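Bear in mind the structure is a predicted one, so any value in this text is a computation, not a measurement. Numbering of residues begins at 1 and proceeds along the displayed sequence.
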Amino acid sequence: MTERKPFTPGEILNEEFMQPAGLNQGTLAEKMAVPRRRINEIIRGRRSVTPDTAIRLSKVFNMTPEYWLNLQMKLDLWETIHDAKKQKEYEK
């Protein structure tokens, strides 16, 4: 684990996938058959990528769901390790 916080799955989704493909949130939501709000919350870092979302993203972008879940897992691990309260527990 590094000291630098990993990029969120939403940042990767927006900058590496949506922008190059010319997709906006509404269009991606339609392709995934999910509410636009779900996409917006993922991009803003207010919602995690679930297995369901990972499968839907993998179908739209022709990749594996594990890619999206690994991004989420790395972020979750970093946040847990760097949570000041929990950090003391791990140091014991």
### Task
Would you kindly confirm whether L69 and L71 end up in one hydrophobic cluster when ILVMFWY residues are joined by side chain heavy atoms under 4.5 Å apart?
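Different hydrophobic clusters.
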
#### Entry: L57 reachable from I55 in the ILVMFWY side-chain graph, under 4.5 Å edges
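Different clusters: I55 never reaches L57 through Ile, Leu, Val, Met, Phe, Trp or Tyr contacts under 4.5 Å.
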
### Query
When you look at R47 and N40, which way does the side chain to side chain contact (heavy atoms under 4.5 Å, CB included) test go after all the steps?
CA-CA 9 Å; R47 182 181 211 141; N40 180 267; over 6 Å; no

### Query
Is there a donor-acceptor pair closer than 3.5 Å between any side-chain N or O of Q72 and the backbone N or O of S48?
no

### Message
Check whether E11 reaches the backbone of T8 with its side chain - one donor and one acceptor, N or O, closer than 3.5 Å.
### Response
yes

Supply the atom-to-atom distance [X] [atom1] to [Y] [atom2], rounded to the nearest 0.5 angstrom.
X: E15; Y: I12; atom1: CD; atom2: CD1; result: 7.5 Å
X: R38; Y: T50; atom1: CZ; atom2: OG1; result: 5.5 Å
X: M32; Y: T27; atom1: CE; atom2: OG1; result: 13.0 Å
X: R37; Y: I42; atom1: CZ; atom2: CD1; result: 12.5 Å
X: K74; Y: E79; atom1: NZ; atom2: CD; result: 14.5 Å

Minimum heavy-atom distance between [X] and [Y], given as atom pair plus value:
X: N24; Y: M18; answer: C-CE, 3.6 Å
X: P9; Y: L75; answer: CD-CD2, 3.8 Å
X: P65; Y: A54; answer: O-CB, 3.6 Å
X: V60; Y: L28; answer: CG1-CD1, 3.8 Å
X: P20; Y: N14; answer: CD-O, 4.4 Å
X: A33; Y: R56; answer: O-NH1, 3.4 Å

### Task
Would you check, one step at a time, whether the test side chain to side chain contact (heavy atoms under 4.5 Å, CB included) holds for V34 with I39?
CA-CA 8 Å; V34 299; I39 303 303; 4.0 Å; yes

### Query
Do F17 and W68 have ring centres separated by under 6.0 Å?
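Here the rings of W68 and F17 have centres that are less than 6.0 Å from each other.
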
### Query
Is it true that E41 and R46 have a side-chain N and a carboxylate O under 4.0 angstrom from each other?
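No, E41 and R46 are not salt-bridged.
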
### Query
Are the charged groups of E30 and R36 less than 4.0 angstrom apart, N to O?
no

### Task
Could you check K31 against K59 for side chain to side chain contact (heavy atoms under 4.5 Å, CB included), going step by step and ending with a plain yes or no?
CA-CA 9 Å; K31 288 179 177 268; K59 288 181 180 180; over 6 Å; no

#### Entry: side chain to side chain contact (heavy atoms under 4.5 Å, CB included) between Y67 and T64, intermediate numbers included
CA-CA 6 Å; Y67 174 83; T64 67; 3.9 Å; yes

### Task
Take atom CZ of F7 as the centre, draw a 6.0 Å sphere, and report whether it contains more than 12 heavy atoms from other residues, nucleotides or ligands.
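Incorrect, the count does not exceed 12.
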
### Message
Assess the residue pair D83 and T80 against the criterion (side chain to side chain donor-acceptor pair (under 3.5 Å)); give the C-alpha distance rounded to whole Å, side-chain angles, the decisive distance to 0.1 Å, and a yes or no.
### Response
CA-CA 5 Å; D83 180 339; T80 301; over 6 Å; no

